[in-house]
Amino acid sequence: MSCPSVKLNNGVEMPILGLGTWKSKPNEVTNAVETAVKEKGYRHIDCAWAYGNEKEVGEGIRRSGVPRSEIFITSKLWSMHHQCVEEALDETLANLGTDYLDLYLIHWPVPLNPNGNHPRIPTLPDGSRDVLFDWKIKDTWSQMETVLKKGKVRAIGVSNVSKRILETDILPYATVVPAVNQLEIHLYNPQHNLVNYLKSKGIVPQAYSPLGSVNSPLLSDETASEIAKKHGLQTPDVLLGYLVAKDIVTLPKSVTPARIASNYNGALAAASNLAKEDIEKLDGVAASGKQRRLIMQQWSVDLGFENWPGQTP
Ligand SMILES: NC(=O)c1ccc[n+]([C@@H]2O[C@H](COP(=O)([O-])OP(=O)(O)OC[C@H]3O[C@@H](n4cnc5c(N)ncnc54)[C@H](OP(=O)(O)O)[C@@H]3O)[C@@H](O)[C@H]2O)c1
């Protein structure tokens, strides 16, 4: 089954399903990527420098034998690299063994001290994150625009960015509007307001942790399970297909071949089988008392998200 794609605001096409690679161990991810691309139909891989496995992902892509030009590859600028975007991108390109990315995202709108006490998450003596409060995200974004102009990436975007940060720190200064905002979006954290806002700006929402990540409570959700049963599908199919049906680019991670296959086929089957009333029911699950973020990062900064414990909307 070929995967539908969505068109980014610069005309680039992106497959609506992609394979996630966070927490995929280096010794597992090469096989996972090779299998996904060679045998299961995936043409979109979501990576990040911070996942520490880009070299092995690149190896999986090469082993698949599918031409580079047919695969959509995303990677992300880590928070310690906001001041040196091109250098960080060059390292990612070398890791992956490619000379361009299809999409490069700012991983978090929180610049961290590149000379701090840790190679990925530097902290201060009180345990809070070592944030570069003086650095402006607009200056990171302008470097993202430079690598786009140089042709090293086909599109640029952001991740974990709220409406407030987009409107105050990025859009007023941007020459290029971000093509994508990758966010925690799933049944228990649907972010309806932010998703609708992004769509109104022509920014494509991407859903990370669409299955609820590791040890997910979503897999036993009653509403999703009932709807799955009604259609002869599995619960993960409904969790993924629900997002695809709403034109949200969806990035399930698995290193298990059977799940890699069933996530792809099941998501597309569910997206075409779910009725309007199913989507409406699923849309209401979080608001019925199940609203919950599953990936909490304590950044020591107010990111401006709704439903972020300890922060105002
Ligand atoms: N931008 C960001 O800040 C950010 C943050 C988080 C994630 N992401 C991206 O989004 C991707 C997906 O998010 P995620 O990895 O947090 O979580 P996820 O895709 O929601 O869930 C992955 C977990 O579910 C398991 N799983 C996969 N398919 C399954 C199935 N059909 N039935 C039961 N269990 C299943 C996987 O196990 P196995 O692998 O063992 O099969 C793994 O433990 C990441 O890998 C990453 O690429 C981005």
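Just so it is clear, the structure is predicted and the values come from calculations on it, not from any experiment. In listed order, ligands and their atoms are each counted from 1.
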Residue, atom name and distance, where the atom is the protein heavy atom closest to atom 28 (N) of ligand 1: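 For atom 28 (N) of ligand 1, the nearest protein heavy atom is Asn263 ND2, 3.0 Å.
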Shortest protein heavy-atom distance from atom 47 (O) of ligand 1, along with the residue and atom involved: Asp46 OD2, 2.7 Å
Counting only nitrogen or oxygen atoms and a 3.5 angstrom limit, does [X] reach ligand 1?
X      : value
Gly212 : yes
Pro252 : no
Lys76  : no

Pair [X] + [Y], salt bridge at N-O below 4.0 Å:
X     : Y      : answer
Lys76 : Asp46  : yes
Glu59 : Arg62  : yes
Lys25 : Glu56  : no
Asp90 : Lys152 : yes

Any Gln182 heavy atom less than 4.0 Å from ligand 1: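 So Gln182 counts as touching ligand 1.
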Pick from Gln234, Lys253, Glu184: the one approaching atom 22 (C) of ligand 1 most closely through a non-hydrogen atom: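 Selected option, by shortest heavy-atom distance: Lys253.
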Pick from Tyr51, Tyr208, Trp108: the one approaching atom 6 (C) of ligand 1 most closely through a non-hydrogen atom: Tyr208
Is it the side chain, the backbone, both or neither of [X] that has a heavy atom closer than 4.0 Å to ligand 1?
X      : value
Leu219 : side chain
Pro210 : both
Ser159 : side chain
Asn160 : side chain
Pro236 : side chain

Close aromatic pair by centroid cut-off 6.0 Å: Tyr51 and His107: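 Between Tyr51 and His107, the centre distance is under 6.0 Å.
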Pi-cation contact, Phe305 with Arg293 (under 6.0 Å, within 45°): yes
Lys/Arg cation over aromatic Tyr100: Arg68, 6.0 Å, 45° cone: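 Here Arg68 passes the 6.0 Å and 45° test against Tyr100.
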Euclidean distance, Leu194 CG relative to Leu183 CG, rounded to 0.5 Å: 5.5 Å
